[in-house]
Amino acid sequence: MEKINNILEICNLSIAYGPIKAVKEVNLEINHGEFVALIGANGAGKSSLLKSILGINKAEKGSIFFLGQDITRKPTDKIVSSGLSLIPEGHVIFSSMSVLENLQLGAYQNLADFEENLKRIFDYFPVLKDRSSQIAGTLSGGEQQMLSMGRALMSKPKLILVDEPSLGLAPKIVTDIFNILTELNKEGYAILLAEQNAKKALEGSHRCYVMKTGEIAMSGFSTDLIDDPKIRQAYLGGN
Amino acid sequence: MEIFIAQLISGLALGSIYVLLVTGFNLMLLVAKIIQFAYPQIVVVSMYTCWWVLKLTGNKLIIILAGVSVSIILSLLSEPIFRKISSIEGVDINASFIASMGIAMIMMDIMSHSINYGFPVAFSPDWVGGNIFGYGLITVSKGQLFALLGGIIAVLIFFFLLYHTNQGRFFRAIAENRFAACLVGIPIIKTSIFSYLIVGILGGFSAILFSMLIGSASPWLGEFVALKMLAVSIVAGLGNLQGGLVCGLLLGIIEAMAIGYFSGSWSNVIAFAVMLIVVLMKPGGLFGIKI
Amino acid sequence: MKCKTLRFFSILILVIGIVFASAFHIFGQEVKVSEWNIPFLNTITGPIASIGEYMSWSANRAAEEINAAGGVRGVPIKIEIIDTGVDKDKAMEEMAKLVDSALVVMGPVPEACIMAAVPIAVKAGLFSMVSSTSYEYAVEYFPWTLSWYPITEEKLPPITAAWAKLHPDMKTVVQFVENWAAWPPMAEAHAVGLESAGVKMLSQVDVPTDAIMFEPLVLKALAQKPDGIMLTCNSEKAAKIIIELVKKGWTDKSKILVFSSADDTALYTTGGDSLEGISIYNYIDLNLDDPRWQAFREAYKKDHNGIEPASLSTNYYDSVYMIKEAIENTGVTGDPAKLAEERIKIRDYCRNVKGFKGIQLTWDMTDGVPTGKGTFLFEIENGEKVFKAMAK
Amino acid sequence: MSEVTYYFLGFAGIYVLMGWALYLPYRVGQLNFLIVACMAITAYFGGFAAREWGWPFIVILIIGILFGATIAFIFSLAIGDAPCFTVVIVGLTSVFIVKTVIENWRTLGGTIGFFHIPGPNNMLAIIYSLLFLVGLLVFRIDHSRWGRAASVVFIDRDVAVTLGVDIKKLGMFFQIISCSIAGMAGILDAFLVKSLSPEFFTFSMIGYLMCILFVGGYTTMWGVILSAFFLQGIPLMFPSNIASWRLVIYGALLVIIILLRPEGLITRKMLWSIKIKSPRYITN
């Protein structure tokens, strides 16, 4: 077996909703320990792409490899158990269950080191520890986003897919969340971040893909892209 | 007072039937996202099985096993149909209601056509059992005790399963947020098949308790209780398990009391009138919809 | 896509065409004179399918007997069982199919179907024998039908009075009444008979049609501390009420009287041993010493797992014989050209037949109402109905 | 015309009307079984007014329609915007309550029933001319602002609210129209059958109406016509030993249709593809 450098590889992936093509022939690759951003306007197909990696949207064409294995047609639970985790956009939590129960559910595929995992997550998000018996629906927006992240981390993923973590949150909390993501990346997690807030995404990430109407319009190192006049024009407000 | 207590006991026993049915119905609604209107018919078919096996053998264990397994088989057999229905795009929960109505029609007609010349089937007295307690008119029969205790134990076990085990947490997770449940890696189809299994077991036990409480089964029994089951679950709030528990018992008591204390043949309307008024005042149900 | 849809549409139209075409085909069927075809609108599906089953059985038995004895004037008789369920549309359509061709019709059985379908027969001048229902329904369609039972108010009071006379210590009675079809007027007639015998009627207990638990009803009745119980509800419910009464400590079983319509198979299959000792009134005497009856009874038991014939099981047996007599005695030929007048011949014969020998009783008909038909009162002893009294 | 054809066409016509009465509120996602209760009420009213008071048919018909509308109006104040199953249970309970009231009302014949309703002898002309008029009305409603609004409500209530649709008013509108049609059907039924019994209006009738709507197709008004004739014809088409299994056939049809053609036999897509313009066509 050949040595695999990348953790995720997407080849010629297309996704369609009925007659509408959301993602067209996308190629994408993430290496171990890398923090990759996926930027693009609303409706560019970022969320569709992330959901299809997890098998929630079925791919029409193309294939997805995770750690060298083809996961294109696998059911979501198998994909999650192989070490992928998605933090969806808009705090998707089990709002009538307690915070602790939410985290327990996150550990569905990885019940072994539950206590240890839980301790780790309470270290990242101390606020969740204080509120562990509270009903999740009563948390604030930022706390719900943290819970959503904590739940995704409970399965000890190798690659975290993050979809629009900044959506609808106050700037200060957005900064906190990005700091946590950077910290997670430093600990060795590979991260794929889909984000409209291009500036923040480019600052934190190593590499970046720019998506436009379902296609990858551009890609490169974040430090290069941040200086690219076209990017500045289109996504960073021109300055 | 003597009459009141006696009516209360019989109302509670009747209510425990509704509770068992509504609980199974709500689980289907929550986890599998279907309106399983044919559930009482499955219970009745399972009662017919018990009756048939009872004729062949006197062994109670075999009878219980036969009843429960038929209920499980029927419940699992309906799973592919409902899975196919809910996988069709653009189709909502009403489709499962309509399909299960069709299934109920088929089961009822086959029972009235082909089993025991369409006569109601009766269980032998030693299966049903007599009184185990009697003080004047206040009596508790074996069937009532079993229905009440069995009902309470079954529902308690069920609630324990739902709130204190991992599997129960997965059920609730799917009920609450299918997308998030998918994200954390809960196998939706496997879990939902498991819920059909649980409902099948619950249905089988309901069948055994019914047969002891009512002492007979008829092809149209399923239809009578199906309407009340649906009504209770809507009055309580669709998918609301605790609400179903309260309203099921209440309906049993209201029915018994209405018969006991209101004159004329209007008494059988009272339960329906109460439900109608509640639904008109609170269209979402007394305890709130949980789906 | 378009092509596929068009094809789909044309198939649909074709299917509808076939529905119509075959429907018309069936309407066009004629009575074969080589066979006396007697249509019987029966209910062999739905909630009272069990009653329909034994009615079909007894009508077919009568036809078999007649055919074995050489048929009706040398031509075999055939009972054509047509299912109406309890569905009014179905009954009307089936009756409408028959109005052009049938000589005479038996049924329909459920009261809802009688109300819907018999007017069609009346309009077409077709005699329709509703031999299972009570006088209230039949009288509405006179002279195009006959009543199998005497007038309710005249028929029932004597039998309940006879029951009361057997139990002089019975001062008060509670009646359970199921609100269904002609049962409420029957319940009133029961009460009239009991009151004439000096029994006080306590407030009646209504039995809901969809009842599944009977304890509350029984408690309500027992709260009035009655001496006797009268049951005017369907067989399964009557049996369950008796079981509950026993559970509540009722011992004097002979002071429980079950009315005739509840004397059905489900009473015995559901009631079992709890029925021991109760009183029943009905129109057949199981132990009648008559070879024809005993042969009927044995054959019935053989085909029904040993269950005894129910109260209504002989009605259509006798109806078939009555039609046979009418055809023989009035010179009916079965010629389609003379259909209208032959229908009237059969009607007039049946409505005024004198000395008709039924399997159980011999009776006269006067303008469609039977006279001299008795009612029997039994008590169940060791699982057998023992004759106690008769009222005429 | 033979008698069978007369009754076949008569019942099919009435079931088309009832099918439409069920179809209209289902446009906003409500299964309104109140129509069966309305049908029973107006049928009894019509029978009684014709036999006891000798009222002319046309007056009875108009009052019957108004009866239906009034009942629906009162109920719709509470359930105009209620979720589907709340409406279902309101319908089911009111059918039982109406049945019990009739059973206990001796003037109306109680449980025995109501006989010999006088009236026009040939009902077919009346039924089919009314069917045509109601058809036009339903078609107009389908193609109006209300119809388009209903399509949105059916797909997504929240979107409809943001578009400024008053869901309650819309639901009330459809319920009132639907119960008026049911009121009309009740009168026609009473005069076609010429007898009435509480046993005529039961749960099995509700099942049958569901079958008509969902086998035919709930997205257009045309499906009801197809399936009302088709289902009414099935028992006539088969020999009696097969026809006696008709409930099994209906049940199986329902399940099969839901599985294979969830929108019913006639769908909007189909109408669209044969160039009958229908405003409710929505791509998936």
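Labels below follow one simple rule: chain letters A, B, ... track the order of the sequence lines, proteins then strands, and each chain is numbered from 1.
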Under 4.5 Å from any heavy atom of chain C - which part of D/Leu247: neither
Distance in Å, D/Lys194 NZ paired with C/Ile120 CD1, rounded so as to fall on 0.5 Å steps: 10.5 Å
For the student: nearest non-hydrogen atoms of C/Asp89 and D/Phe11, plus distance: OD1-CE2, 3.6 Å
Which of C/Asp87, C/Val122, C/Asp83 touches chain D most, by non-hydrogen pairs under 4.5 Å: C/Asp83
N/O donor-acceptor pair under 3.5 Å between D/Tyr7 side chain and C/Lys90 backbone: no
Where C/Asp100 and D/Ser2 come nearest, the two heavy atoms and their spacing: OD2-CB, 4.4 Å
For the student: nearest non-hydrogen atoms of D/Leu196 and C/Met115, plus distance: O-CE, 2.9 Å
Nearest-0.5 Å distance that lies between atom NZ in C/Lys97 and atom CZ in D/Phe8: 11.0 Å
Where D/Ile112 and C/Ala182 come nearest, the two heavy atoms and their spacing: CG1-CA, 4.0 Å
For the student: nearest non-hydrogen atoms of D/Gly113 and C/Tyr137, plus distance: N-OH, 4.5 Å
Heavy-atom proximity to chain D below 4.5 Å, by part of C/Ile81: backbone
C/Asn179 CG to D/Lys99 NZ distance, which is reported to the nearest 0.5 Å: 10.5 Å
Salt bridge (Lys or Arg N to Asp or Glu O under 4.0 Å) between C/Glu93 and D/Arg246, intermediate numbers included: CA-CA 14 Å; C/Glu93 283 163 357; D/Arg246 68 193 172 286; over 6 Å; no
For chain C, the option from D/Tyr15, D/Tyr208, D/Tyr6 that forms the most heavy-atom pairs under 4.5 Å: D/Tyr15
Spacing of C/Glu111 atom CD and D/Thr111 atom OG1 [to the nearest 0.5 Å]: 9.5 Å
Residue pair C/Glu140 / D/Ser195, side-chain heavy-atom distance below 4.5 Å: no
Verdict with supporting geometry, D/Val193 and C/Lys88, side-chain contact (heavy atoms from CB on, under 4.5 Å): CA-CA 9 Å; D/Val193 181; C/Lys88 73 165 196 300; 3.6 Å; yes
